Amino acid sequence: MQRLEAGGSAATATAIHLRLRLLAGVLLVAHLLVVGWLTLRPLDVPWAAAANLTPLEGIRADLAYGPLEAARRIGEGLALLAPLGVLLPMVGGRLTLSTLSAWSSLARTAAAGALVSLSIEMLQTAVPGQVVDVDSVLLNTTGVLLAHVAVVPALRARMRRSHARSHTVYQGTTPKISRVGLGPWTDVLSAVQREY
């Protein structure tokens, strides 16, 4: 009966793990829809700045506005796709990673964030009032990397601990076996000649 309870908790942990992956997938789709609405809707502006295709030029222009406005603008660029750094690995659902695969997880997540950001910038070329900025791709990808490094290792360690706790089988105390005397066949077996 104890093993059935432990197996039940292992099944429950697996179900929770699957629910967490499903929730991450739903949140990922919702986040991408919000990002698409924010970045791809037409803006009614009297004039639009020219596209920025020179790396770090837009960040220099943001810094020229002063520290508060620069922090707001750069922070928006970092935060726009930062949730992808957590949601993409959660959808993948890997708990145990070697050092090499942890680095590959970071690289895959950063590449996916860069591709999403680049896709948004390419789609913005057809949207009135939206301006293409290469620095947005840099800031968005950096935000994805920072979120991944800050959250994912701790989250995976916590999930591994809870997963290990649910898979331990409680067997109770060690049974005590009473001492057994010599068996009835010991006299017969001791009489047999051994040939070594």
Side-chain angles (χ1 to χ4, degrees), residues 20-159:
L20 188 62
R21 288 179 67 184
L22 182 62
L23 175 65
V26 169
L27 289 174
L28 178 65
V29 170
H31 175 69
L32 289 176
L33 288 173
V34 169
V35 166
W37 180 76
L38 287 174
T39 58
L40 299 175
R41 66 177 182 203
L43 298 177
D44 188 22
V45 293
W47 62 274
N52 174 26
L53 300 176
T54 307
L56 303 179
E57 190 64 35
I59 294 174
R60 282 190 205 105
D62 290 342
L63 292 173
Y65 285 112
L68 291 177
E69 185 64 20
R72 185 188 67 79
R73 288 175 177 236
I74 292 172
E76 285 175 356
L78 289 171
L80 183 66
L81 294 180
L84 293 181
V86 177
L87 293 174
L88 287 172
M90 282 179 64
V91 170
R94 294 183 184 169
L95 292 180
T96 56
L97 293 175
S98 66
T99 305
L100 181 62
S101 56
W103 285 104
S104 68
S105 171
L106 179 66
R108 281 192 311 269
T109 304
L115 288 174
V116 169
S117 181
L118 188 62
S119 299
I120 289 170
E121 293 300 318
M122 291 297 108
L123 290 172
Q124 281 182 341
T125 60
V127 178
Q130 297 285 358
V131 179
V132 175
D133 187 2
V134 71
D135 290 338
S136 295
V137 176
L138 296 174
L139 288 173
N140 293 338
T141 305
T142 303
V144 169
L145 281 170
L146 291 175
H148 188 282
V149 168
V151 176
V152 172
L155 183 65
R156 279 189 177 140
R158 183 174 182 208
M159 289 178 67

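Values in this document were obtained by computation on a predicted structure and should not be read as measured data. Side-chain atoms are counted along with the backbone in the values below, which use heavy atoms only and exclude waters and symmetry mates. The chain is numbered in sequence order, starting from 1.
Here the closest non-hydrogen pair linking L145 and A110 is CD2-CB, 3.4 Å. In terms of heavy-atom proximity, R60 sits nearest to P55 at NH1-O, 4.4 Å. When all heavy atoms of S136 and S117 are compared, the pair lying nearest together is O-OG, 3.7 Å. Minimum interatomic distance between Q124 and T39 (heavy atoms only, all atoms of both residues): NE2-O, 3.0 Å. Of all heavy-atom pairs spanning L106 and V149, the tightest one is CD1-CG2, 3.9 Å. For the residue pair P128 and A126, the shortest heavy atom distance occurs at CD-O, 3.7 Å.
Looking only at distances, no side-chain donor or acceptor of Q130 sits under 3.5 Å from a matching main-chain atom of P42. The main-chain N or O of V91 is found under 3.5 Å from a side-chain atom of R21 such that the two form a donor-acceptor pair. Counting only distance, with no hydrogens or angles, the side chain of T141 and the backbone of L138 share no donor-acceptor pair below 3.5 Å. Judged by distance alone, with hydrogens and angles left aside, the side-chain atoms of D135 form a donor-acceptor pair with the main-chain N or O of I59 at under 3.5 Å. The main-chain N or O of L80 is found under 3.5 Å from a side-chain atom of H31 such that the two form a donor-acceptor pair. Put simply, the side chain of S105 never gets that close to the backbone of S101: no donor and acceptor are under 3.5 Å apart.
Taken to the nearest 0.5 Å, the CG atom of N52 stands 5.5 Å off from the OG1 atom of T54. One distance of note links CG of L63 with CZ of R73; it measures 11.0 Å at 0.5 Å rounding. Going from atom CG of L87 over to atom NE2 of H148 covers 11.5 Å, rounded to the nearest 0.5 Å. Here the straight-line distance linking atom CG of L123 with atom CG of L118 works out to 9.5 Å at 0.5 Å rounding. Atom CD1 in I120 sits 12.5 Å away from atom OG1 in T125 (nearest 0.5 Å). Of the inter-residue distances, the one linking N140 atom CG with L84 atom CG reads 9.0 Å to the nearest 0.5 angstrom.
For CZ of R72, the number of neighbouring non-hydrogen atoms (other residues, nucleotides, ligands) closer than 6.0 Å is greater than 12.
Here the options are T142, L139, V116, the test is side-chain contact (heavy atoms from CB on, under 4.5 Å), and the partner is L81; only V116 passes.
With a 4.5 Å cut-off on side-chain heavy atoms, L20 and M159 count as touching.
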Derivation and outcome, side-chain contact (heavy atoms from CB on, under 4.5 Å), residues M90 and L155: CA-CA 9 Å; M90 282 179 64; L155 183 65; 3.7 Å; yes

